[in-house]
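See structure below.
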Amino acid sequence: MAQNTALSLPVSHHDLLLSHFRAAHDVLLAEQDLSPRNPKINSCLSAFVAAVLDCHCHDTCDLLAMPEVVSKRDAILPKLAQAEYEMEKFFALDFAAQDVLTDADLDHFIYRDNYVELVAEEIDAARTANVLPDDRPIVFVGAGPLPFSAIDMHKQTGLKMICIDSDADAVALSRKMIAALGMQDSIDVVQSSGEDFDYSGAGLVMVAALVSAKDNVLARVRDTAPGVGLAVRSAEGVRTLLYEQADEHALDRAGYDYAGKSRITDTIINTTLFFQPRPV
Ligand SMILES: C[S@@+](CC[C@H](N)C(=O)[O-])C[C@H]1O[C@@H](n2cnc3c(N)ncnc32)[C@H](O)[C@@H]1O
């Protein structure tokens, strides 16, 4: 319980979260520049994300049912996706400007530990769900300009990675960064929409939280790689103020059975759901 110093009244985590949510909503809708170059974006999003991670009521958070929260959440989710893309691009431009990058350079990214931790949790959950391949590559759809998920997945499993992104800037920046790390033989980057890619040969397909047209991506995976497992980044409870929750019914309709999920921790926002293809 924090203190509201102006009124000397106790302020609950819910009150704090609601006020940071409202502030983030107002700033995200008013500002044109959603990148970290904009100090208003930096401060309101850091405070909002910290308040979300500080709220431990997960599935039962009363805020999620408030009509104001429902309508403002719909308005900010696309803006948050844009802000995340801009943030990744901002750091990717710095990395891509260097001809040679070392492991130590990667630690300059402020959220580096979160990626290492999320990927470690995903590998544990994928093993338990029996979908981690022995040697075939992992295809990561929506890898973005800053391919830390693929870099860390390769570092922690030794598996070859194929990053897919429909955005030309994201592809150019991540290719440059991967080459500067000397990882071009281990991580391919392909410009394609997830709906069009041919997944045959994949050992596992991972779908990033911010991928659009997920139903079409799932249908394409099922068509081109029918026996392959799926991992879909999602969010639960109060963390759905930041990301859409994956639609498990859509996965069921696409022919996938739920096989487990990554552990929820105090520092990781996303939960990754794992699915086995249902035998036909
Ligand atoms: C913010 S970025 C990086 C991913 C993020 N770290 C995550 O886990 O969601 C999201 C990326 O997904 C890409 N993307 C979105 N929908 C896609 C689709 N259907 N096919 C391929 N790329 C897609 C966008 O171009 C963007 O670069």
Side-chain angles (χ1 to χ4, degrees), residues 28 34-36 41 45 49 76-93 95-96 106 109-122 125 138-153 161-178 187-199 202 204-224 230-236 239-247 250 254 261-262 267-274:
L28 282 165
L34 302 187
S35 79
I41 288 291
L45 290 188
V49 170
I76 65 167
L77 284 180
K79 300 282 184 182
L80 285 168
Q82 176 70 23
E84 181 166 329
Y85 174 83
E86 297 291 345
M87 184 273 289
E88 292 195 7
K89 196 166 168 182
F90 175 84
F91 285 98
L93 280 165
F95 283 125
L106 298 183
F109 179 51
I110 43 174
Y111 300 118
R112 171 90 179 119
D113 291 346
N114 299 65
Y115 276 93
V116 173
E117 198 188 341
L118 170 61
V119 168
E121 295 293 344
E122 289 179 326
I138 297 178
V139 178
F140 195 96
V141 186
L146 198 58
F148 271 113
S149 295
I151 290 169
D152 285 315
M153 194 56 80
M161 301 294 303
I162 302 174
C163 296
I164 305 298
D165 205 294
S166 50
D167 182 82
D169 288 346
V171 168
L173 286 168
S174 57
R175 266 194 197 135
K176 181 87 190 2
M177 181 173 165
I178 286 162
I187 306 178
D188 283 345
V189 185
V190 179
Q191 186 177 356
S192 169
S193 79
E195 304 91 292
D196 296 328
F197 189 73
D198 181 348
Y199 295 90
L204 172 68
V205 177
M206 299 193 68
V207 182
L210 296 174
V211 162
S212 58
K214 280 199 183 108
D215 286 5
N216 297 339
V217 174
L218 301 181
R220 180 72 179 164
V221 177
R222 185 76 202 190
D223 278 354
T224 58
L230 264 179
V232 182
R233 284 194 178 155
S234 180
E236 291 191 1
R239 294 165 193 210
T240 60
L241 292 176
L242 295 166
Y243 292 98
E244 288 287 4
Q245 184 157 26
D247 180 357
K261 65 180 178 183
S262 62
T267 49
I268 304 174
I269 297 167
N270 293 114
T271 308
T272 305
L273 309 180
F274 292 86

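Note that the coordinates shown come from a computational prediction; the quantities given were computed from them, not determined experimentally. As the structure lists them, so they are numbered: ligands from 1, and atoms in each ligand from 1. The figures that follow rest on heavy atoms only: side chains count, while hydrogens, waters and symmetry mates do not.
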Checklist entry - atom 8 (O) of ligand 1: which protein heavy atom is closest, and how many Å away? => result Arg233 NH1, 3.5 Å

Checklist entry - What residue and atom, counting heavy atoms only, is the protein's closest point to atom 3 (C) of ligand 1, and at what distance? => result Glu88 OE1, 3.3 Å

Checklist entry - When you measure from the side chain of Asn270 to the backbone N and O of Ala235, does any donor-acceptor pair fall under 3.5 Å? => result no

Checklist entry - Any N or O of Ser193 that comes nearer than 3.5 Å to an N or O of ligand 1? => result no

Next on the checklist: Can you classify the ring geometry of Phe148 versus Phe109 as parallel (below 30°), tilted (30 to 60°) or perpendicular (above 60°)?
Outcome noted: parallel

Checklist entry - Distance-only, no hydrogens or angles: does the Glu195 side chain make a donor-acceptor pair with backbone N or O of Val217 under 3.5 Å? => result no

Item to check | Close-contact set for ligand 1 against Ser192 heavy atoms, below 4.0 Å | outcome: 21 (C)

Checklist entry - Do Arg239 and Thr271 pass the side-chain hydrogen bond (donor to acceptor under 3.5 Å, both in side chains) test, and can you show the C-alpha distance, the side-chain angles, and the key distance before you say yes or no? => result CA-CA 9 Å; Arg239 294 165 193 210; Thr271 308; over 6 Å; no

Checklist entry - Should Gly194 be counted as touching ligand 1, given the test is an N or O pair under 3.5 Å? => result yes

Checklist entry - Any nitrogen or oxygen of Val211, main chain or side chain, under 3.5 Å from a nitrogen or oxygen of ligand 1? => result no

Checklist entry - Among Asp165, Val211, Ile162, Val232, whose side-chain contact (heavy atoms from CB on, under 4.5 Å) with Val141 holds? => result Val211

Checklist entry - For ligand 1, is Ser149 a contact, meaning one of its heavy atoms is under 4.0 Å away? => result no

Checklist entry - Is ligand 1 under 4.0 Å from a heavy atom in the side chain of Tyr115, in the backbone, in both, or in neither? => result side chain

Checklist outcome for this item: the protein heavy atom lying closest to atom 12 (O) of ligand 1 turns out to be Gly142 CA, 3.4 Å

Checklist entry - Which residue and non-hydrogen atom of the protein lie closest to atom 24 (C) of ligand 1, and at what distance in Å? => result Asp165 OD1, 3.5 Å

Item to check | Shortest protein contact, atom 7 (C) of ligand 1 (heavy atom only) | outcome: Ala208 CB, 3.6 Å

Next on the checklist: Starting from atom 19 (N) of ligand 1, what is the nearest protein heavy atom, named by residue and atom, and what distance separates them?
Outcome noted: Glu195 OE1, 2.9 Å

Checklist entry - Which is it for Ala213 and ligand 1 at heavy atoms under 4.0 Å: side chain, backbone, both or neither? => result neither

Next on the checklist: Give me the nearest non-hydrogen protein atom to atom 16 (N) of ligand 1 as residue plus atom name, then the distance to 0.1 Å.
Outcome noted: Ser212 N, 3.0 Å

Checklist entry - Does the side chain to side chain contact (heavy atoms under 4.5 Å, CB included) test come out yes or no for Arg233 and Leu118, once each step is laid out? => result CA-CA 10 Å; Arg233 284 194 178 155; Leu118 170 61; 3.6 Å; yes

Checklist entry - Quick check: does any side chain N or O of Ser262 sit under 3.5 Å from a backbone N or O of Thr272, one acting as donor and the other as acceptor? => result yes

Next on the checklist: Please list, in number order, the atoms of ligand 1 under 4.0 Å from a heavy atom of Ala209.
Outcome noted: 7 (C), 8 (O), 9 (O)

Item to check | NZ/NE/NH1/NH2 to OD/OE distance under 4.0 Å, Lys261 and Glu236 | outcome: yes

Checklist entry - Which residue supplies the protein heavy atom nearest to atom 5 (C) of ligand 1, what is that atom called, and how far is it? => result Glu84 OE2, 3.1 Å

Next on the checklist: With a 4.0 Å cut-off on N to O distance, would you call Asp247 and Lys214 a salt bridge?
Outcome noted: no

Item to check | From Asp196 atom CG to Arg220 atom CZ, the distance as rounded to the nearest 0.5 Å | outcome: 6.5 Å

Item to check | For Asp167, atoms of ligand 1 separated by under 4.0 Å from a heavy atom | outcome: 25 (O)

Checklist entry - Pick from Met161, Met177, Arg175: which one makes a side-chain contact (heavy atoms from CB on, under 4.5 Å) with Pro147? => result Met177

